[in-house]
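For the numbers below, each heavy atom of this structure counts, side chains included, while hydrogens, waters and symmetry mates do not.
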Amino acid sequence: MKNQSLTNNIDWICIIIYSVLVLLGWLNIYSSSLSSMEGTSEKQFVFIVLTIPLIFTLLYVDGKFYEKYASILYGIALLSLVGLFAFGKTIAGQRCWYGIGSFTLQPSEFAKAATALALAKYLSDSQINLKNINRQIQALVIVFLPVLLILPQPDPGSALIYSVFIIVLYREGLPAWYVWTGFIAILLFVLTLILQPQYVILLALLVIVFIHFRSRLGDRNVVLSSILFALISGFVLSVSYVFENVFKQHHRDRFNILLGKTVDMKGVGYNTNQSEIAIGSGGWFGKGFLEGTQTKGGFVPAQHTDYIFTTVSEEWGFLGSILVIALFVGLFLRLIYLAERQKTKFSRVYGYCVAGILFIHFFVNIAMVLGIFPTIGVPLPFFSYGGSGLWGFTILLFIFIKMDANKVNEW
């Protein structure tokens, strides 16, 4: 009875959307690499073919396997990240890959699924209450251990993805102030880069005073307001030091260009400028498959990886871009719907992790290509070239599809 009617219980909507996205992704990789990256589309085709036995394996394995061995899979993922420091292959200044002949493997792509499983396993314990500070710390340790290993590679793009787990934790009971603190910190950081620190501090003071007098606590809230103001002031005053001494030069350049403080169309800003030109040149209906002049001319760097969406926009136009975006949004909504109807907390939490990871990849990549987010190397799921990325996203998604199909056996 356990594995009966798997094909009937499996969510074919997710599988169809996944298949369409992978096919469209390969077509755009083929187009973007045709003139300058010979052999790229052939390699991606091999990666796609190899996902077929991978998918069957993921669906064949008993659904309880992923819950039972979540901690072990998480431990293996951490060890694979640690191993990069000794055995990793350095490409473009990043030590993110293991070299296997002519191929490379990026363990951070697989660590996302392992972290999602570990977090779901931890939160599914009936004794876990995220209102308890010790439980909060333990959950955050699970999330940020991989981040601490990924940042030194350096790979800030992959590290950024893990921030989405905070939203999942919030959904499961983490106090809202964690989310608000993160949002306010980002806002203050950006404002301080745009304005002088003293103006940001003055603005913060005005907001705190306004909130204080609107608060029902009145005078009893003076100490809390004073402490908050002191913390905000200290953070704002530290932004300049962090920006100049912690951020690398190319990170500073990208932020300065994004904020309009520097114009560099031929240097650091070249990628974004060419990306915007390619997107704008597509018009409503695009120039046609294999007809993109920016794409064929090789003007957009990394067009088959991080900037693959520019090929979609140039050759398929606005309508084609909307179609791709609609497919992604449909997948996200479907995953959230499936997560809500799970019978176990483990499956529900993991489902939200899957939806969150795919969404933040999608959102950051599109924002980066449109020039409203710094270039940090975040691939577009199922579209960007790379076997590790494709397999990592496939594993992430199909583990949940298996869990959802298995829910008929849950009580």
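- Taking both residues in full, the closest heavy atoms of I201 and S233 are given as CG2-OG, 3.7 Å, listed atom of the first, atom of the second, then distance.
- Using a 4.5 Å heavy-atom cutoff, the side chains of N365 and F383 are not in contact.
- Residues Q44 and S33 fail the side-chain proximity criterion, which asks for heavy atoms closer than 4.5 Å.
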Start with the C-alpha gap between Y337 and L333, add the side-chain angles, then the distance that decides, and say whether side chain to side chain contact (heavy atoms under 4.5 Å, CB included) holds.
-> CA-CA 6 Å; Y337 167 75; L333 293 177; over 6 Å; no
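- Atom CZ of F400 and atom CG of L358 lie 11.0 Å apart (nearest 0.5 Å).
- Using modelled atom types, no side-chain atom of H361 and backbone atom of I161 make a donor-acceptor pair closer than 3.5 Å.
- Between F359 and L335, every side-chain heavy-atom pair lies at or beyond the 4.5 Å cut-off.
- Rounding to the nearest 0.5 Å gives a distance of 9.0 Å between CG of L149 and CG of L84.
- Of all non-hydrogen atoms in L130 and L123, the two that sit nearest each other are CD1-CD2, 3.9 Å.
- Side chain of S163 to main chain of L160: a donor-acceptor pair is present (N/O by atom type, distance under 3.5 Å, no hydrogens or angles).
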Where do Y352 and E172 land on the side-chain hydrogen bond (donor to acceptor under 3.5 Å, both in side chains) test, with the steps shown first?
-> CA-CA 10 Å; Y352 271 105; E172 296 301 322; over 6 Å; no
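- A pairwise comparison of heavy atoms in Q153 and C96 identifies OE1-SG, 3.2 Å as the closest pair.
- In this structure, F85 and P152 have side chains that are in contact, with non-hydrogen atoms separated by less than 4.5 Å.
- For F363, the CZ atom sits in a loose shell: 12 or fewer heavy atoms of surrounding residues, nucleotides or ligands are nearer than 6.0 Å.
- With hydrogens and angles ignored, the 3.5 Å screen pairs a side-chain donor or acceptor of E315 with a backbone N or O of L290.
- Smallest separation of non-hydrogen atoms from I91 and T104: CD1-CG2, 4.2 Å.
- Partners of S108 under the side chain to side chain donor-acceptor pair (under 3.5 Å) rule, at least two apart in sequence or in another chain, are Q106.
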Going through the checks in order, is the side chain to side chain contact (heavy atoms under 4.5 Å, CB included) test met by L327 and L331?
-> CA-CA 6 Å; L327 286 169; L331 180 60; over 6 Å; no
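- A donor and an acceptor atom, one from each side chain of Y350 and Q342, are nowhere located under 3.5 Å apart.
- A donor-acceptor contact shorter than 3.5 Å links the side chain of S313 to the backbone of F309.
- With sequence neighbours excluded, the residues satisfying ring pair (Phe, Tyr, Trp, His ring centres under 6.0 Å) with W391 are F47.
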Given side chain to side chain contact (heavy atoms under 4.5 Å, CB included), test V349 with R171 step by step and report yes or no.
-> CA-CA 9 Å; V349 172; R171 164 66 178 78; over 6 Å; no
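- Considering all non-hydrogen atoms of both residues, F393 and P381 come closest at CE1-CA, 3.6 Å.
- The closest side-chain heavy-atom distance from Y162 to F144 is not below 4.5 Å.
- Looking only at distances, no side-chain donor or acceptor of R334 sits under 3.5 Å from a matching main-chain atom of C14.
- With a 6.0 Å radius and a threshold of 12 heavy atoms from other residues, nucleotides or ligands, Y69 has its OH atom at or below the threshold.
- A donor-acceptor pair is defined here as one N or O able to donate and one able to accept, closer than 3.5 Å; no such pair exists between the side chain of S158 and the backbone of D155.
- To the nearest 0.5 Å, atom CD1 of residue I48 and atom CD1 of residue I29 are 6.5 Å apart.
- Within the 4.5 Å cutoff, the side chain of F289 has heavy atoms near those of the L27 side chain.
- Under the ring pair (Phe, Tyr, Trp, His ring centres under 6.0 Å) criterion, F398 pairs with Y18, sequence neighbours left out.
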For L380 and F362, run side chain to side chain contact (heavy atoms under 4.5 Å, CB included): C-alpha distance rounded to whole Å, both residues' side-chain angles, the deciding distance at 0.1 Å, then the answer.
-> CA-CA 6 Å; L380 184 62; F362 164 80; 4.0 Å; yes
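- When each of L148, L73, L145, T115 is tested with L78 by the rule side-chain contact (heavy atoms from CB on, under 4.5 Å), just one qualifies, namely L145.
- Note that CD1 of I55 is 14.0 Å distant from NZ of K402, once rounded to the nearest 0.5 Å.
- With a 6.0 Å radius and a threshold of 12 heavy atoms from other residues, nucleotides or ligands, Y199 has its OH atom at or below the threshold.
- In this structure, V312 and V324 approach most closely via the heavy-atom pair CG1-CG2, 3.9 Å.
- Residues S80 and F110 form no side-chain contact, since every pair of their non-hydrogen atoms from C-beta on lies 4.5 Å or further apart.
- The distance from the CG atom of L140 to the CZ atom of F165 is 12.0 Å, given to the nearest 0.5 Å.
- Between Y66 and K121 there is no side-chain heavy-atom pair separated by less than 4.5 Å.
- I366 contributes atom CD1, which lies 8.0 Å from atom OG of S321 (distance to the nearest 0.5 angstrom).
- Classification of the W284-F318 ring pair by plane angle, with boundaries at 30° and 60°, yields perpendicular.
- More than 12 heavy atoms of other residues, nucleotides or ligands sit less than 6.0 Å from atom CZ of F189.
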